[in-house]
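A short write-up of the structure that comes next.
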Amino acid sequence: YLYDNIVQSMFTSMMNRRFTRESQKPNAPFMSSSVGIGAVARGYDYFGLGILPRNGVDEEIKALEASWKMILQAFMYGFSEDELNNVKANIKANLETAYKEQDKTSNNSYMEDILVNFLENEPNMDFDVYYNFANKVLNEITVGDIMKRIPQMIQGSNTAIIVTGLDGPHMTKEQAFAVMNNIDASSITPYANNAVKGELIDGELKGSPVIKEKRDKEVGAVKWTLAN
């Protein structure tokens with residue numbers, strides 16, 4: 001259970017990073033897109049794709065085409081080692097923050113854990129145990145491990161499509177399923193990860209001497225003015 005949750009979290013994080021990167025490109029096919037995994041009701045989970053397109057039926061179709069294609073790219077080809085290492089580093093950083101701030105956990109959070117344990121028999125463990133377990137499996141999980149579980153998360157059956165927006169024509173159910181079926185039948189190539197690698201600046205930046213120092217006793221801060 002805990003292992004599967006970590007794998008699901010890694011998958012959705014890497015997928016959503018791709019969507020964010022795509023939405024920042026000029027003439028991006030959608031304003032935003034994201035995936036999530038959750039529970040519809042007790043014992044019934046869902047895989048959800050949420051898309052924010054530009055106005056117009058054609059734009060809605062274009063956004064769904066691009067988003068569904070990106071999901072199939074992950075389904076068929078997985079992720080790169082760089083993507084995997086980045087998401088591992090983020091999860092580990094979040095674990096360290098949570099570990100240091102255990103004493104700030106609210107009573108409501110404890111109550112919810114106990115409630116879920118009682119109603120759904122999900123494990124309720126000491127955070128130290130979870131912290132050690134998560135760090136151990138994060139070092140072991142590979143791209144292949146995630147790819148093995150993607151088919152369990154993304155299934156073609158029991159698909160529901162919800163379109164909301166301002167008054168006016170919108171993409172129909174028939175158009176949406178036609179888009180997905182066409183993408184399913186098309187030739188899918190691997191996702192092109194064009195992220196910039198290496199250092200942003202060549203060489204070392206030269207420091208600058210402090211020419212003025214001002215202390216703010218009220219907030220316990222020091223303001224430095226540099227020569228440059």
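Hydrogens, waters and symmetry mates are skipped; everything else that's a heavy atom, side chains included, is used.
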Does the side chain of [X] come under 3.5 Å of the side chain of [Y] through a donor N or O and an acceptor N or O?
X: S32; Y: S23; value: no
X: T142; Y: D145; value: yes
X: N139; Y: K92; value: yes

In the structure I gave you, are the side-chain heavy atoms of [X] and [Y] within less than 4.5 Å of one another anywhere?
X: E213; Y: K223; answer: no
X: Y99; Y: F127; answer: yes
X: W224; Y: K212; answer: no
X: F30; Y: E22; answer: yes
X: V87; Y: M10; answer: yes

Is [X] reaching over with its side chain to a backbone N or O of [Y], donor-acceptor style, under 3.5 angstrom?
X: N124; Y: N117; value: no
X: S9; Y: N5; value: no
X: K69; Y: L64; value: no

What pairs with [X] under side chain to side chain contact (heavy atoms under 4.5 Å, CB included), at least two apart in sequence or on another chain?
X: R54; result: M31, E59
X: L226; result: S208, V210, N228
X: N16; result: T12, F19, S34, V35

Qualifying residues under ring-ring contact (aromatic ring centres under 6.0 Å, His included), relative to Y46, sequence neighbours excluded: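 Residues passing ring-ring contact (aromatic ring centres under 6.0 Å, His included) with Y46: none at all.
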Residue pairs fulfilling side-chain hydrogen bond (donor to acceptor under 3.5 Å, both in side chains) with at least one residue in residues 168-179, sequence neighbours excluded: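 For residues 168-179: E60-H170, T172-Q175.
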Distance (rounded to the nearest 0.5 Å) between N181 CG and F177 CZ: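 The CZ atom of F177 is 8.0 Å from CG of N181, to the nearest 0.5 Å.
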Rounded distance [0.5 Å steps], CE in M111 versus CG in N107: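 Rounded to the nearest 0.5 Å, the CE-CG separation comes to 9.0 Å.
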Under 3.5 Å, which donor-acceptor pairs link side chains of residues 130-137 to any protein atom two or more places apart or in another chain?
unit_1	atom_1	unit_2	atom_2	d
Y131	OH	E96	OE1	3.3
Y131	OH	E96	OE2	2.4
N132	ND2	D128	O	3.1
N135	ND2	Y131	O	3.0
K136	NZ	E140	OE2	2.9

